[in-house]
K.L.:
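One structure, as structure tokens, below. Some questions next.
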Amino acid sequence: VTAETLVGLDAVEVNLAQVAARADPGHVPFEPPDPNTVTTWMGRDVLWLGPDEWLLVGELGTEGVIVDDLKAALAGHHHSVIDVSANRTVFDLTDGLDLLSTGCGLDLDPRRWRPGMCAQTLFGGAQVIVHQREERTMRVFVRPSFADHVVSTLLAARPFRP
Amino acid sequence: VTSRRLPEGGSWIDRSRPLTFRFDGAEYEGFDGDTLASALLANGVTGGFRSPILGRPRGVMTAGPEEPNALVEVSEPWFDPIVAATTVELVDGLVAEPRAGVGRQPATDVHASRAEQRHLHVETLVVGGGPAGRAAAVAAAGRGDRVLLVDERHRVDDPPKDVTVLPRTTALGVYDDGYVVALERSPELERLWHVRAGRVVLATGAIERPIAFAGNDRPGVMLASAAAAYIERFGVLPGDRAAILTTNDAGRVGSETLRRAGAELVRTLGVGEDPSRLLDDLDLMLVSGGWSPNLTLWRAIGGRLRFDDTLACFLPDGDAPPWLEVVGTAAGDDLPGSEAYWFVEADDYSEHFVDLQRDQTVADIASALDAGFVSVEHVKRATYIGTAIDQGRTSGVLSAAIVNHLLGAAPDAQGPTGARPPAVPLSYAAIAGPHRGDLLDPIRRTRIHPWHLEHGAVFEDVGQWKRPRYLPGEGEDMDAAVARECLAVRNGVGVLDASTLGKIEVVGPDAAEFLDRMYTNRMSTLRAGSIRYGFLLGLDGMVADDGVAMRLADDRFFVTTTTGNAAMVLDRFEEWLQTEWPDLRVYCTSVTEQWADVAIAGPRAREVLSAVGTDIDLSLDAFPFMTFRDGEVAGVPARVARVSFTGELSYEVLVDGRRGLEVWKAVIEAGAPFGITPYGTEAMHVLRAEKGFVIVGQDTDGTVTPDDLGMGWIVRKDDSDFVGRRSLRRPDAQREDRKQLVGLLSNDLLPEGAQLVEEDTGRAPMPMIGHVTSSYLSPSLSHPIALAMIERGRSRRGGTVFAPLLERTIEARIGDPIFYDPEGSRRDG
């Protein structure tokens, strides 16, 4: 993914701290988000990925702190906390969210899909995590190896207006 | 040719916007809103087509997608090899030619329509934009539903408000729980819709039925409703001098429209009257044999039918699933009563056409019945009725009724043949959508890929990954490049991008116990800092994947998988944890792309790694084979593992993926004085084959046990269980004559996949005892080597086998699969 291709999409690549956390939801220090939603904990986004699986997202460089905070809070309980900041490339797609419906089977209609929601899904055959941060902005997490494919597929898509 | 366009009228056309088009070489004019068929009729082209088998003249018979005659190839402004003119929306510059039933592969590149796909979720999907469909859509929108209404025609009258209306869109199939696939076809665009609907309303209408009589396929014979449609929608009078054969009142309504438009209606015929002798004296013969609800989608999802005597047609029968409903004329509502009348009696039925697109007549059905085919499904296969592009929209019910009639059975004895999606033909381009060319399937690239590209790597596909296969120098072919790369690793040092290997962190108090159950050898006895190679078996005891486990801590392992099986292994781990062993406290996390993997291999690997700069003590005592150390390499935090897939001293340097390219470049630079040579997967394959290391999926094929590979040592013999253990005890898994991995030496290169025989009798068949799985010219040994799976292979060592090929036979000597450095003296450098 290059800055040039993302400009074609009105998107920007964002470098973030990402930490994969797995534990019993009764033991985590944050309020466990409802399925497919996002909460915040000490300024970090907590994305629900599964009943005992979350992705914590913070500012670049804070991954070590997030790992330490979580491990401290979960000490004594079975857990897995892993820095995965390099495991996914992230870009923020502004407007054109409708383009995602060319390759993603989720109901992304603004009447049903609102800011604060997230999901693990497929886009054009590649696994992605989508997180709607604001009314007009979707954050897309994609494994770096798939990033070119996802961006090229988005660039090839056209908006639909009935 | 006189114009048949009426001075006024035509609710679908815009007379202020004339369009020019070409058909069969001649230029014509039409209006915006016309179909190609209506514009042709307006220009007096009442024939213009031929039947596919008999070559009989044909003309437009219907006004919709049920059209069996008026098939065209569209070449401009887009290309469609064959499509009904009644469904082609007229655009300026359209070029079309008649096609007799069969499309043609274009000789040159054509202007393909753009193909897109789109997903949509609605509470209510309505299929069909007639009065009943529109009413259902309005009601659903009133409840606050998101509503999609699709209609296959290019105009929807009075489109309802607050409803997404898609004209030109045909529902191809309805699937469980309201999943509907629909094809939108407009000039220049094919768009495949994947619709998930809470409720599906089929308002697919009814299709007027023809009646078979002698010459009922002649130009000018038209469904009564079609004639009305041409007058009302397009302001086109399809004929001046008309007669009508009808079994119902609706046909009479059609004739009334005709009369008002100025045509002379010379006769009205009913049941028992034969119109065939009138045809020469008319230019329009209207037919209305009653109405058949259009239930293709209903039947395709398993809906049953019942015959209704009053309406003389099949209606939906039985309960629909709660999310599915049939309304309007498709359900029989508001259909006129009709007599059950299918064909005009005659002595000769050879011109009573039933399926015009297949040129099949009542006589052909009778002949199929005489031959003993009494099921409509068999009659369909004997005659091909219903198998053409129109999928029997006008012939399906008619042919079933005729079969019943000729067999003397009740009208409900047999219904029309089964229906399956897609309801209309669609192009492969529409199915593919954007997934063509480079987007056919995701192409995965490592973080180091830009360097490979820049340095002229030739890539190979490994699963979805592009991996460098070899990196040719100036003027080098593949053999030369691979030989150079192999020799560099054996005699100096090479570097490989191994980032594609699957990587999983397995964490928890029971992680060691879990891995013991998944792998055939013991991982629980591994000490922190150490590495063990392992086999993962399927439940059938066969080798499914291999990789290494690194123990990071008592409760923490880092497991690698083969490149192609990364997702499968994680799925398998999760499946066992979630379904069989939920009591085990283990979490698995994929970290494949968290890490880039730079593998430095060769006798000078230690020197290169020192030169790159590391705080890890690389001495043999401090850092022995099959251990790993965390530290820094080139100033980047790294995990360095001493594993080897080449037999040479090797360091796999794992770093944060984002810094992979940086570290790769640092290794290349620091390695330059040592002649470091980047190598690809082909050299890797040769090097590992020289050492007899198997590749799961190349030397194994899902029928191979560890013992077959001569690796029985990797299977623990104690009482503890692991996946596949029970299957290894089956008599079949212990047969003496199983194929076993051996090495082959020959003078000529054996082709991979070659079958092997004990004795070349020169005469096929010969009993085959095995096959070649891997074969290379070994640059280090300067002769061909091969791996093979051969029955009782180990007991044949020292013997010979033969590979009989088309042109010659290659003789090979059977030996151990380890060709190079069998003592393993090189792994420590």
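Naming: A, B, ... by sequence-line order, numbering from 1 per chain.
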K.L.:
Please classify the contact between B/Thr500 and chain A as side chain, backbone, both or neither, with a heavy-atom cut-off of under 4.5 Å.
P.N.:
neither
K.L.:
Parallel, tilted or perpendicular, judged at 30° and 60°: which one describes the rings of B/Phe558 and B/Trp595?
P.N.:
perpendicular
K.L.:
Does any heavy atom of chain A fall under 4.5 Å from the side chain of B/Leu439, the backbone, both, or neither of them?
P.N.:
both
K.L.:
Here's a test for you: under side chain to side chain contact (heavy atoms under 4.5 Å, CB included), which of B/Val506, B/Val507, B/Asp555 qualifies with A/Ser80?
P.N.:
B/Val507
K.L.:
If I measure from the heavy atoms of chain B, does A/Asp98 come under 4.5 Å with its side chain, its backbone, both, or neither?
P.N.:
both
K.L.:
Which atoms of B/Arg191 are under 4.5 Å from chain A, going by heavy atoms: the side chain, the backbone, both sets, or neither?
P.N.:
side chain
K.L.:
Which answer fits B/Val586, side chain, backbone, both or neither, if we ask what part of it has an atom under 4.5 Å from a heavy atom of chain A?
P.N.:
backbone
K.L.:
Tell me, for B/Gln117 versus chain A, whether the close heavy atoms (under 4.5 Å) come from the side chain, the backbone, both or neither.
P.N.:
both
K.L.:
Give me the ring orientation class for B/His194 and B/Tyr179: parallel if the planes are under 30° apart, tilted from 30 to 60°, perpendicular past 60°.
P.N.:
parallel
K.L.:
If the plane angle is over 60° it's perpendicular, under 30° parallel, otherwise tilted; pick one for B/Trp451 and B/Trp664.
P.N.:
perpendicular
K.L.:
So what's closer than 4.5 Å to chain A heavy atoms on B/Asp510: side chain, backbone, both or neither?
P.N.:
neither
K.L.:
Taking the six-membered ring of A/Trp41 as reference, does the cationic atom of A/Arg44 (NZ for Lys, CZ for Arg) lie under 6.0 Å from its centre and within 45° of its axis?
P.N.:
yes
K.L.:
Less than 4.5 Å to any heavy atom of chain B: does that hold for the side chain of A/Val150, its backbone, both, or neither?
P.N.:
neither
K.L.:
Between B/Lys466, B/Arg447, B/Glu116, B/Arg659, which has the largest tally of heavy atom pairs under 4.5 Å with chain A?
P.N.:
B/Arg447
K.L.:
Pick whichever of A/Gly124, A/Ala20, A/Ala126 has the most heavy-atom pairs under 4.5 Å with chain B.
P.N.:
A/Gly124
K.L.:
Return the option, out of B/Ser499, B/Gly508, B/Ser590, with the maximum number of heavy-atom pairs under 4.5 Å with chain A.
P.N.:
B/Ser590
K.L.:
Just say parallel, tilted or perpendicular for the rings of B/Trp193 and A/Phe160, cut-offs at 30° and 60°.
P.N.:
perpendicular
K.L.:
For A/Leu108, which atoms come within 4.5 Å of any heavy atom of chain B: side chain, backbone, both, or neither?
P.N.:
neither
K.L.:
Sort A/Arg88 into side chain, backbone, both or neither according to what part of it lies under 4.5 angstrom from a heavy atom of chain B.
P.N.:
neither
K.L.:
Looking at B/Gly433, B/Gly657, B/Pro509, which has the largest count of heavy-atom pairs under 4.5 Å with chain A?
P.N.:
B/Pro509
